[in-house]
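Just below is one structure, and these are the notes that go with it.
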Number of protein chains: 2
Amino acid sequence: MTETPATEKARQTRAAILDAALDLFRSHGYDGTTMRAVAQQAGVSAGNAYYYFSSKEHLVQAFYDQLQEAHAAAAAEALQGLEGRTAYSDRLRAVLSAWVDIASEYHEFAGTFFKNAAEPTSPLSPFSEASTPAREAAVQIHRATIDGSDLKVSKALREELPELMWLLQMGVVLFWVHDRSPDQRRTRELVERAVPLIDRLLRLTRVPVVRGVVDDVVGLVRSVKGP
Amino acid sequence: MTETPATEKARQTRAAILDAALDLFRSHGYDGTTMRAVAQQAGVSAGNAYYYFSSKEHLVQAFYDQLQEAHAAAAAEALQGLEGRTAYSDRLRAVLSAWVDIASEYHEFAGTFFKNAAEPTSPLSPFSEASTPAREAAVQIHRATIDGSDLKVSKALREELPELMWLLQMGVVLFWVHDRSPDQRRTRELVERAVPLIDRLLRLTRVPVVRGVVDDVVGLVRSVKGP
DNA sequence: ACCAAGAGTTGAACATGTTCAACTCGCGGA
DNA sequence: TCCGCGAGTTGAACATGTTCAACTCTTGGT
């Protein structure tokens, strides 16, 4: 974690470095952006950037937080735009589509996403301790999506569902990262087609024959989550 | 892709570099191993290593291939050891457990390996073009696991299942990479408990109410797989 | 007003993946 | 045997992430 700057000027310097980094990431990609270029555009020395961000990857962590906030806002707005339609499929589609829209601008340098995801020792992993706030905020979006819907599933499943849907979203991100189609058309298609199926599958969990297995799956998820 | 060397001496030099790299990766990890150290241990110049391997990451590809081969052998042996037991759950458990066994030796360094492997633009990504041979070999293990089992699912699902099970295995790997428990006990527990559930879920796919959705899911998987 | 302490800042130096022009060597053909 | 060509090899140079000792600036206490 980067320390919160003590003074107002320091906060501005930190913001300037972050803005410069995100701007350059967007225009030149992650590898194409040098720390020296970031520092220069921010009007500070190369070394000074390291006073605020202990590594180049930590700049990406700040980017995650920003992306997360943008998605939360866009998702809330999209859900608002549904005006009373409570079908879960509509709400889930809105949330996932909002993410693809928000993130599309950064698709080119998205490789760094999963580079961080797979490094378990790094605090940048979405599963890490350090990412807990951002992750829980993301899970919260799905909790709201579910709570405002007409979805009917068992109590146990409903409790785990927000986190499971976040996991699903990570899967979408994985697909998106590898999606080379223009404007990530294939990812959008995947979302459009997968959402109704997920809705149907969730409704199936209440069918007598299915219910037993689902309960056991939820039980496994629960025991595997905790340490 | 690295070119096949023309002469016998060149082939030996290439092998020496590779051996040195794998040795140092094991003892010092990926980041702790410098190309200069690899070259020195192989008895060549730093620059010469790049004549045979166009980047440090290309050296890791060899490690993956080795791991993949070891798993294929161990999985085959484990399936042999079942001696006629054709229950899919037994067979799947054997294959997944074999992977955890084989990989445990490298768990300490796996984090740094997979960090680099997870980048989609990297040839080390399991989804990349360059990894196609290793990936297909891994899928083939699951195909054999299914073919030798008593599993009864629809024709369409059965065709996609090997690839889906490979995906499941990638999920296990992701969990394993983050597993800090001694001897990766939690991953082993996950496999033990998840396998019977997967078996039950697969058998459920033939139930009339469920069948329709499953067909649609398979259809989606199919259309999303191809470009 | 002054001073000490600590925050903020710098530029140079370092480590390492990678590139490259130049060199050597081995071999097939004349 | 000798030549020339291309594979193989080198060491230095380069690019860039990162570190660090030294410096400056700000602030709070007396």
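Below, chain A is the first sequence line, B the second, and so on; all start at residue 1.
For L157(B), the side chain to side chain contact (heavy atoms under 4.5 Å, CB included) partners are V153(B), S154(B), L161(B), L164(B), L202(B), T205(B), V214(B), V218(B), not counting sequence neighbours.
D101(B) has a carboxylate O that lies under 4.0 Å from a charged side-chain N of R188(B), or vice versa, which qualifies the two as a salt bridge. Salt bridge absent: E163(B) and R143(B) never bring a charged side-chain N and a carboxylate O closer than 4.0 Å.
Here the CG atom belonging to L79(B) is positioned 4.5 Å from the CZ atom belonging to R91(B), to the nearest 0.5 angstrom. The line from CG of L168(A) to NE2 of H142(A) is 7.0 Å long, rounded to the nearest 0.5 Å.
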Nucleotide by nucleotide, nucleotides 11-20 of chain D touches protein heavy atoms under 4.0 Å in the pattern (B base, S sugar-phosphate only, - none) B-B--BBBB-
- [ ] Begin with the C-alpha distance, continue with both residues' side-chain angles, and end with the deciding distance and a verdict on ring-ring contact (aromatic ring centres under 6.0 Å, His included) for W176(B) and Y106(B).
- [x] CA-CA 11 Å; W176(B) 175 84; Y106(B) 305 97; 8.9 Å; no
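Donor-acceptor pairing under 3.5 Å is recorded for the side chains of S223(A) and R193(B).
In the helix from dA1(C)-dT30(D) to dA30(C)-dT1(D), the terminal helix axes, each the rotation mapping four pairs' C1' atoms onto the next four within five end pairs, subtend 10°, rounded to 10°.
Side-chain nitrogen and oxygen atoms of Y51(B) include at least one within less than 4.0 Å of the OP1 or OP2 phosphate oxygen of dG8(D).
Below 30°, between 30° and 60°, or above 60°: for Y30(A) and F25(A) the angle between ring planes is between 30° and 60°, a tilted geometry.
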